[in-house]
Amino acid sequence: MSTTSTTLDSPRMLPESVRQKIEAYIPRYPSKQAVTLPALHIVHSHFRCVPYQAMKEIAEILEIAPAEVADTMSFYGFFPQAPLGDVRVWVCRSISCMLRGGDELLEHACKKLDIEAGQTTSDGKLTVEFAECLGICDHAPAALADDGRAYGPLDEAGVEKMLEELKKGPVPPESL
Amino acid sequence: MAAFEPVLSRNWNNPDILSVMTYESMGGYAASRKALTTMSPDNVVDLVKASELRGRGGAGFPTGLKWSFLPKDRKETFMCINGDESEPATFNNRYLVEKDPHQFIEGILIGCFATKANTAYVYLRFEYIKAIHILEKAIAEARAAGHLGKNIYGSGFDLEIWCHRGAGAYICGEETGLIESLEGKRGWPRIKPPFPAIEGAFRKPTVVNNIETLACVPHIVERGADWFKSMGTPKSYGPKLYTISGHVNKQVCVELPMGVTTNQLLEDHAGGVWKGRKAKAAVPGGISMGILKKEEFDIPLDFEEIRKTGCLGLGTAAVTIMDDQTRIIDYLYNTTRFFAHESCGQCTPCREGTGWLYKTVKRIRSGGGRIEDLDLMSHLANNMGITPGTTICGLADGAAWPIKNALAKYRDELEDFIKHNQNPAYKITAGQDAISKGQSPLPTNTSMFVPGIGLAKSLSN
Ligand SMILES: Cc1cc2nc3c(=O)[nH]c(=O)nc-3n(C[C@H](O)[C@H](O)[C@H](O)COP(=O)(O)O)c2cc1C
Ligand code: SF4
Ligand code: FES
C-alpha cells in the first residue's frame, strides 16, 4: 500500500506503462504537483479521457489530494471524463476565421455528421468542437485535428473532405 | 537607410535547418558560444539593455531591465518561455518553433546564461502539436551536441530545457497564470507584486519571456546593440514578425523592421484586400488591442505610435484586416464571445463584465438592442481591467478595448444598426430593462455589488 493517505476503493486502472511515463516527469520539476498537467495529458492520450479513478491514481502518484487534480483538470475544459472520438477536431471561431466563415463551417461540419459541437459521432470516430484561435490563422478559416493535422483555408467542400480524411483515424506525429 | 535584412526568418526556407548540424554549419550556436565563453552574465544583460529590446509577448517591457530585477543574491532562477500564443490572429511563435527551432534554443541558452537560470520550461500551447514534436527533437539533438546539459562549452554553466504543454486556456499566456499552470494548478493569475522576478515559479526568482523575444537575443549578441537599434522607430527597435490574416488575399507571417504600417502590410505583403474589396478596419495586434479605422492604416505599428489611435498597444503585432462589408456588431460579437469564454473567473468585474458584454452585444445583434445599451457597454468597459484598477490581470483590459474603441470610432454605425435592426419578436424582460437603465434588477435587500459595475445578478438574457 502506498505511504500517502489516499485510499483507492476501486481496482487500479492506470497500466504500469502509464504510471512509469508519469513518474519519469517527476525529476523535471521541484514539486510533484507540477506533473499534474503532463500526467493528465499522458492519461488522456491513453484513454482519450480522464475518468475519476484515473484522477485519484494521478493524485496518489503525485502525493496530492484527488481534489487538487480535479480542480486543475476541470479548469482547462480540455480533459473529458468520458472517451472522445478517435480523432478530435477543432474548428476555429476566432476573429480571422470568423471573418472568413468559420462559424458557418463549424455548423456545416456538425450538420454533415449529424451531431452538435462538442459531440462524438455514433461510430466513435470523430469528435467535433469549436475552438478559439488555433494559432494557424495563415490557414483561416482553419481546423486542427488533435493529431496535429492542420486544415484550411476551408470551404464547405473542404470541410467534407477533411471529415472523410479524419474518419480514417489518427496519424503519428512524424508524418506531419 | 540600408536594405532590411531579415534575421529571425532567414532560415525559414531551409527545411534542413531543423537538424543541429545544418544549423551549426550556417553559423548557428556561435552567438551562444561567444556569450558563454567570452562574456559574463552581467555583460549579456547589459548588452540586451543597450539594445533596448522590448518584449514581444504583448506588453513591450524592456527585456534587459526585466532581467536586472532578479535579486542579486538569488540561489536559484527559473526561466519560463511563454509559448502559449493564444491571442487571436497570432501565429509568429509557431513559425519560430516549427521553422527554426535551434535559433529559439540558442536564444533560451543565452537568456538563461544571462539570468543564471539552470532550468527552462517552454510552456507551449497544446494545439502546437507539430511544433512540440519538432522542438523536443531539436532539444535532444542540441543536448547531444553539447549545447545543453552540464558544463556547456566548458563554461561551467548547466542548462536543461523542458517542454510543458498547456491545455487550451488563453489565460495561461498571462505570465503568472502560466506560472500557476506550470505548478500544476488552475491558471489563475496572481496579484502582483510580488513580480515573478522576485517570486515566480515554485516561489523562486523567475523570468518569463516570449519566444520571439528570446529568438532576437542571439542576433544581438552576434551583431551588437547598435545593429539592433538601427532598425525601427523611436523606442521600438529591431526586427519584428508581423502576421496578417482575415480579409486579405495572402495570409502571411513576415519579418520587417519594427514600425511598418497597416497599409504596407496589406498592400506589400498580404496582396491587398480579398475579392477586390476595400478595407474598412483592422485589428492591430490581436483582438485585445482594439480596432483601427481605415484612415489610421498609415500609423506605424510600434509600441508608441499605435497608442495615439486609442488602441491599447502593439500587442502581438497580429493584424486582422476587415473588408468594407464587415459589420462592427459582428466584430464585437466575436471579441465579446472570446473574452466571456476565456475569463478565468477570479475577478468579478471581469467574470461578470465579459459575460454581460457578450450578452448585450448578442441581444443587439439579434434585434433587441436599444441605444442606451451602448452607454451601458461603455460603463462596463471603463470599469473593468488593470487600467481602472479593478482586476488582477490584463485580460479584462483586452476585453474592454474593442468596446471602447468601437464606441469611440463607430458609434454612429452601432446606433444605426440598433435603429434599423429591431426584431419585434424580441421581448425584453423587466430585469433587463432595469439593468439598461442602471437600476437594480434585484429586490432591494440583495447585495451583489460589483465595484464600478453595479448590480450584476440575473443578467441572463
Ligand atoms: C490575458 C493575457 C494573455 C497573454 N498571453 C500571452 C501569450 O500567449 N504569449 C506571451 O508571450 N505573452 C502573453 N501575455 C503577456 C505575458 O503576461 C508577459 O508579459 C510576456 O510573456 C512577457 O514576455 P516578454 O517580456 O518577452 O514579452 C499575455 C498577457 C495577458 C494579460
Ligand atoms: S482579469 Fe479576468 S482573466 Fe484576469 S485574473 Fe481577473 S478574472 Fe481572471
Ligand atoms: S483566428 Fe482561427 S486559427 Fe487563428
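Chain letters run A, B, ... following the sequence lines, proteins first, then strands; residues in each count from 1.
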Practice problem: Please look at A:Ile136 and chain B and tell me whether the side chain, the backbone, both or neither of the residue comes under 4.5 angstrom of a heavy atom of that chain. | Solution: both
Quiz prompt | By side chain to side chain contact (heavy atoms under 4.5 Å, CB included) - contacts of A:Cys97 (at least two apart) | solution = A:Cys92, A:Ala140, A:Pro141, A:Ala142
Quiz prompt | Between B:Arg337, B:Lys130, B:Glu180, B:Arg125, the one whose heavy-atom pairs under 4.5 Å with chain A are most numerous | solution = B:Arg337
Quiz item: Ignoring hydrogens and geometry, is there a side-chain-to-backbone donor-acceptor pair from A:Thr72 to B:Gly184 under 3.5 Å?
Solution: yes
Exercise. Check whether more than 12 heavy atoms from other residues, nucleotides or ligands sit under 6.0 Å from atom NZ of B:Lys185, and answer yes or no.
Key: yes
Quiz item: Looking only at heavy atoms, what is the nearest atom pair of A:Cys133 and B:Glu87, with distance?
Solution: SG-O, 4.3 Å
Quiz prompt | A:Asp114, CG: over 12 other non-hydrogen atoms inside 6.0 angstrom | solution = no
Practice problem: May I ask you to name which of B:Ala131, B:Ala201, B:Ala167 has the most heavy-atom pairs under 4.5 Å with chain A? | Solution: B:Ala167
Self-check item: Among B:Tyr128, B:Phe338, B:Tyr95, B:Phe78, residue most engaged with chain A (heavy-atom pairs, under 4.5 Å)
Solution: B:Phe338
Quiz item: Relative to chain A, which segment of B:Ile287 carries a heavy atom at a distance below 4.5 Å: side chain, backbone, both, or neither?
Solution: side chain
Exercise. With a 4.5 Å heavy-atom cut-off (strictly below), which parts of residues 320-336 of chain B touch chain A? List them by number.
Key: B:Thr320, B:Ile321, B:Met322, B:Thr326, B:Asp330, B:Tyr331, B:Asn334
Quiz item: Do side-chain atoms of B:Arg165 reach the backbone of A:His41 as a donor and acceptor pair under 3.5 angstrom?
Solution: no
Quiz item: Are any of the side-chain heavy atoms of A:Asp138 and B:Cys253 separated by less than 4.5 Å?
Solution: no
Quiz item: To the nearest 0.5 Å, how far apart are CD1 in B:Ile161 and CZ in A:Arg28?
Solution: 12.0 Å
Quiz item: A:Ser31 and B:Glu183: which non-hydrogen atoms are nearest, and at how many Å?
Solution: OG-O, 4.5 Å
Quiz item: If you take all heavy atoms of A:Leu37 and B:Gly166, which pair is closest and at what distance?
Solution: CD1-CA, 4.5 Å
Self-check item: Greater than 12 external heavy atoms within 6.0 Å of B:Lys294's NZ
Solution: yes
Practice problem: Decide ring pair (Phe, Tyr, Trp, His ring centres under 6.0 Å) for A:His44 and B:Phe126; before the verdict, give the C-alpha distance in whole Å, the side-chain angles of both, and the deciding distance to 0.1 Å. | Solution: CA-CA 13 Å; A:His44 180 260; B:Phe126 179 83; 7.4 Å; no
Self-check item: A:Leu134 portion near chain B, given a 4.5 angstrom heavy-atom threshold
Solution: both
Practice problem: Determine the option with the most heavy-atom pairs under 4.5 angstrom with chain B, choosing from A:Glu68, A:Met73, A:His139, A:Glu174. | Solution: A:Glu174
Quiz item: How far apart are the closest heavy atoms of B:Ile129 and A:Ala145, and which atoms are they?
Solution: CD1-O, 3.9 Å
Quiz item: Hey, what do you get for SG (A:Cys137) to CD1 (B:Ile244), rounding to the nearest 0.5 Å?
Solution: 12.0 Å
Self-check item: Proximal component of A:Arg149, with respect to chain B [non-hydrogen, under 4.5 Å]
Solution: neither
Quiz item: Can you tell which of A:Leu176, A:Val69, A:Asp146 has the highest number of heavy-atom pairs within less than 4.5 Å of chain B?
Solution: A:Leu176
Practice problem: Any chance you could lay out the side-chain contact (heavy atoms from CB on, under 4.5 Å) test for B:His247 and A:Arg100, step after step, and finish with the verdict? | Solution: CA-CA 7 Å; B:His247 291 154; A:Arg100 297 171 66 116; 4.2 Å; yes
Self-check item: Contacting region of A:Asp103 [heavy-atom separation from chain B under 4.5 Å]
Solution: side chain
Quiz item: With chain B, which of A:Trp90, A:Phe79, A:Phe75 has the greatest number of heavy-atom pairs at distances under 4.5 Å?
Solution: A:Phe75
Exercise. Apply side-chain contact (heavy atoms from CB on, under 4.5 Å) to the pair B:Trp274 and A:Leu99, showing each step before the final yes or no.
Key: CA-CA 11 Å; B:Trp274 76 343; A:Leu99 288 170; over 6 Å; no
Practice problem: Measure across A:Tyr29 and B:Cys163 and return the closest heavy-atom pair with its distance rounded to 0.1 Å. | Solution: OH-O, 4.3 Å
Quiz prompt | Heavy-atom closest pair, residues A:Glu132 and B:His341 | solution = CG-ND1, 3.7 Å
Quiz prompt | Option in B:Glu127, B:Glu85, B:His164 with maximal non-hydrogen atom pairs under 4.5 Å from chain A | solution = B:His164
Quiz item: Hey, what do you get for OG (A:Ser96) to CZ (B:Phe91), rounding to the nearest 0.5 Å?
Solution: 8.0 Å
Exercise. Check whether B:Phe202 gets within reach of chain A through its side chain, its backbone, both or neither, counting any heavy atom under 4.5 Å.
Key: side chain
Quiz item: What option among A:Gly135, A:Ala39, A:Ser74, A:Gly77 has the most heavy-atom pairs under 4.5 Å with chain B?
Solution: A:Gly135
